[in-house]
Amino acid sequence: MFQEDLILRDEKFEVDQIGRYKLCFALTPTECRLVVFDTKSDRCLCYERYTADIPLETDEQFLEAFSNLVNTHSFASAGYWQKITLMMGKQEFTFVPDEYFRTEYALSYLRFNTTLDTSKSYVQFSEHQLASTNCLFSMPKTVSDWIEEKYPHQKTGITYVHQSAAFLEGLLLQENKANQVHALIEGNQLFVAVLDEQSLLFLNRFEFKNAEEVAYFILAVSDDAKINSQKLEVVLYGQSNKEGKIYKLLDRYAYVKFASRPAHLSFSYHFDQLESHEDFDLFSLYYVKTV
């Protein structure tokens with residue numbers, strides 16, 4: 001089950017105004033994050049983080065912990081949200097450029113990357129118009145069926161997003177330089193992206209055991225992208241800090257800096273407890289267009 005870790009709320013958050021709010025959940029094997037946005041003011045109003053007692057390795061464990069959290073939450077189970085988005089990052093994914101993408105072939109695209117059991121998973125995709133690409137991913141039926149039953153009035157307003165897609169959408173809204181490598185660290189997962197302005201050159205996920213593996217993956221990607229090692233700039237997102245081993249190790253090989261929050265979103269002082277580079281993927285959900 002999930003245990004409360006951190007709760008931050010803007011004084012402007014009003015439960016009776018949820019009809020204009022977007023509610024977002026992010027599920028990983030070790031935590032659930034929740035965020036509420038006001039779609040009229042482009043403002044983050046609430047952030048909550050919960051940690052799991054044990055790693056949630058199966059769809060059934062995900063559903064049990066998630067449903068218990070929502071059902072006992074003070075406002076998350078309320079109806080009539082303007083939009084609801086659920087993000088998961090453990091599932092397999094792939095990106096397909098617009099010129100090759102056809103919705104009727106969505107399952108075939110994803111099967112190039114994984115063996116998908118369609119009796120247990122749906123195929124979902126999100127559009128990324130600025131990069132002219134689409135992210136395809138699997139979504140557990142147990143989880144999506146439950147959330148659509150839980151929020152029957154939001155069926156057309158419930159969307160599903162892969163963590164890599166949220167990361168990309170946030171990156172597309174900021175300035176991206178040719179010699180940059182963007183690295184999002186969440187738990188033991190590392191998402192690495194390379195963009196040239198708004199052209200996506202590379203985006204993939206790696207599982208790592210230590211800081212040395214993180215550095216290896218980032219440097220290997222930069223080498224494959226033919227980035228001059230003397231000009232390499234690594235931008236860190238998510239769970240990292242200047243005192244950590246990952247930062248200190250990367251600092252030997254590149255100029256390392258921490259990211260800012262996604263562009264065009266406003267935050268009150270209540271969110272100062274979070275570093276500017278934390279939860280970049282979660283906050284970027286505000287901008288993801290899904291189908």
Side-chain angles (χ1 to χ4, degrees), residues 1-7 23-36 46-79 81 84-94 107 110-111 113-126 135-152 154-155 158-167 184-191 204-210 213 238-239 278-279 281-282 284-285 288 290:
M1 296 300 175
F2 289 116
Q3 304 297 323
E4 180 183 311
D5 185 24
L6 178 64
I7 294 181
L23 171 66
C24 300
F25 298 101
L27 287 172
T28 73
T30 57
E31 69 178 17
C32 175
R33 292 172 291 162
L34 176 159
V35 67
V36 176
C46 177
Y47 170 91
E48 299 183 10
R49 183 172 64 224
Y50 300 85
T51 55
D53 295 330
I54 59 172
L56 307 173
E57 300 294 346
T58 68
D59 295 344
E60 291 72 24
Q61 288 176 329
F62 268 114
L63 180 58
E64 181 181 7
F66 180 53
S67 61
N68 182 72
L69 173 62
V70 173
N71 287 331
T72 57
H73 196 274
S74 60
F75 63 79
S77 61
W81 296 88
I84 296 176
T85 298
L86 176 65
M87 178 177 77
M88 299 182 75
K90 184 181 178 182
Q91 285 63 37
E92 296 300 327
F93 68 98
T94 191
L107 179 58
L110 195 55
R111 278 182 167 160
N113 202 32
T114 183
T115 302
L116 186 66
D117 186 349
T118 54
S119 68
K120 296 182 178 180
S121 300
Y122 295 114
V123 177
Q124 303 282 351
F125 69 93
S126 55
C135 178
L136 294 96
F137 58 99
S138 62
M139 175 60 61
K141 286 185 176 182
T142 53
V143 177
S144 60
D145 286 352
W146 179 85
I147 199 170
E148 290 182 14
E149 182 178 347
K150 177 66 179 178
Y151 300 98
Q154 266 82 36
K155 278 192 175 181
I158 298 175
T159 55
Y160 306 95
V161 177
H162 195 275
Q163 192 172 7
S164 62
F167 183 36
L184 170 66
I185 299 169
E186 292 291 343
N188 70 333
Q189 292 196 124
L190 167 70
F191 293 87
N204 208 348
R205 175 186 60 194
F206 306 91
E207 290 191 0
F208 66 90
K209 297 178 182 177
N210 50 51
E213 288 189 350
Q239 299 168 345
E278 287 188 83
D279 299 284
D281 54 330
L282 180 63
S284 295
L285 286 176
V288 178
T290 53

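On a predicted model such as this, the values are computed, not experimentally measured, just so you know. These values consider heavy atoms only, across backbone and side chains, with no hydrogens, waters or symmetry-generated copies. All residue numbers in this chain count up from 1 along the given sequence.
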Open item on the list: With rounding to the nearest 0.5 angstrom, report the OH to CD1 distance, Tyr151 to Ile84.
Closed with: 5.0 Å

- [ ] Would you please name every residue forming a ring pair (Phe, Tyr, Trp, His ring centres under 6.0 Å) with Tyr50, sequence neighbours left out?
- [x] none

Task: Atom of Met88, atom of Pro140 and distance for their closest heavy-atom approach - done: SD-CD, 4.0 Å

Open item on the list: Main chain of Gly187, side chain of Gln239: is a donor-acceptor contact present, judged purely on distance under 3.5 Å?
Closed with: yes

Task: Carboxylate-amine/guanidinium proximity below 4.0 Å for Arg33 and Asp279 - done: yes

Task: Test salt bridge (Lys or Arg N to Asp or Glu O under 4.0 Å) applied to Asp5 - qualifying residues, sequence neighbours left out - done: Arg49

Open item on the list: Over 60° means perpendicular and under 30° means parallel, so tell me whether Trp81 and Phe75 are parallel, tilted or perpendicular.
Closed with: tilted

TODO: Any chance you could lay out the side-chain contact (heavy atoms from CB on, under 4.5 Å) test for Leu34 and His73, step after step, and finish with the verdict?
DONE: CA-CA 11 Å; Leu34 176 159; His73 196 274; 4.0 Å; yes

TODO: Please indicate whether Glu60 has more than 12 foreign heavy atoms, meaning atoms of other residues, nucleotides or ligands, lying under 6.0 Å from its CD.
DONE: yes

- [ ] Would you give the length of the straight line joining atom OG of Ser138 to atom OH of Tyr122, rounded to the nearest 0.5 angstrom?
- [x] 13.0 Å

Open item on the list: So does Glu64 get a backbone contact from the side chain of Ser67, meaning a donor-acceptor N/O pair under 3.5 Å?
Closed with: yes

Open item on the list: My understanding is that only one of Leu184, Leu27, Leu285 makes a side chain to side chain contact (heavy atoms under 4.5 Å, CB included) with Gln163; could you say which?
Closed with: Leu184

Open item on the list: Taking the six-membered ring for Trp, are Phe125 and Phe137 closer than 6.0 Å centroid to centroid?
Closed with: no

Task: Polar side chain donor-acceptor pair, Gln124 to His162, under 3.5 angstrom - done: no

Task: Under 3.5 Å: donor-acceptor pair, side chain of Glu149, backbone of Trp146 - done: no

Task: Asp53 vs Phe2 side-chain heavy atoms within contact, under 4.5 Å - done: no

Task: Min side-chain heavy-atom separation Gln61-Pro55 under 4.5 Å - done: no

TODO: Please lay out, stage by stage, how Tyr160 and Ile147 fare under the test side-chain contact (heavy atoms from CB on, under 4.5 Å).
DONE: CA-CA 11 Å; Tyr160 306 95; Ile147 199 170; 3.3 Å; yes

Open item on the list: I need the minimum non-hydrogen distance between Pro29 and Ala52, along with the two atoms involved.
Closed with: O-CB, 4.1 Å

Open item on the list: I'd like to know whether Cys32 forms a side-chain contact (heavy atoms from CB on, under 4.5 Å) with Leu69, so could you lay out the CA-CA distance, the side-chain angles of the two residues, the decisive distance to 0.1 Å, and finally the verdict.
Closed with: CA-CA 9 Å; Cys32 175; Leu69 173 62; 3.6 Å; yes

- [ ] Could you walk me through whether Phe93 and Arg205 pass side-chain contact (heavy atoms from CB on, under 4.5 Å), step by step?
- [x] CA-CA 9 Å; Phe93 68 98; Arg205 175 186 60 194; 3.8 Å; yes

TODO: Find the distance between OG (Ser126) and CE (Met87) and round it off to the nearest 0.5 Å.
DONE: 11.5 Å

Open item on the list: Check this for me, if you would: do Glu207 and Lys90 make a salt bridge, where the nitrogen-to-carboxylate-oxygen distance has to be below 4.0 angstrom?
Closed with: no

Task: Student check: side-chain heavy atoms of Ile7 and Tyr47 closer than 4.5 Å - done: no

Open item on the list: How long is the straight-line distance from CG of Asp59 back to NZ of Lys120, given to the nearest 0.5 Å?
Closed with: 7.5 Å

Task: Heavy-atom pair with the smallest gap, counting every atom of Ala26 and Leu282 - done: CB-CD1, 3.8 Å

Open item on the list: Within this structure, what is the CG-CG distance for the pair Leu23 and Leu86, rounded to the nearest 0.5 Å?
Closed with: 10.0 Å

Open item on the list: Between Val70 and Phe25, is there a side-chain heavy-atom distance shorter than 4.5 Å?
Closed with: yes

Task: Pairing of Glu148 and Lys150 as salt bridge, 4.0 angstrom limit - done: no

Open item on the list: To the nearest 0.5 Å, what is the distance between CE on Met1 and CG on Leu56?
Closed with: 9.0 Å

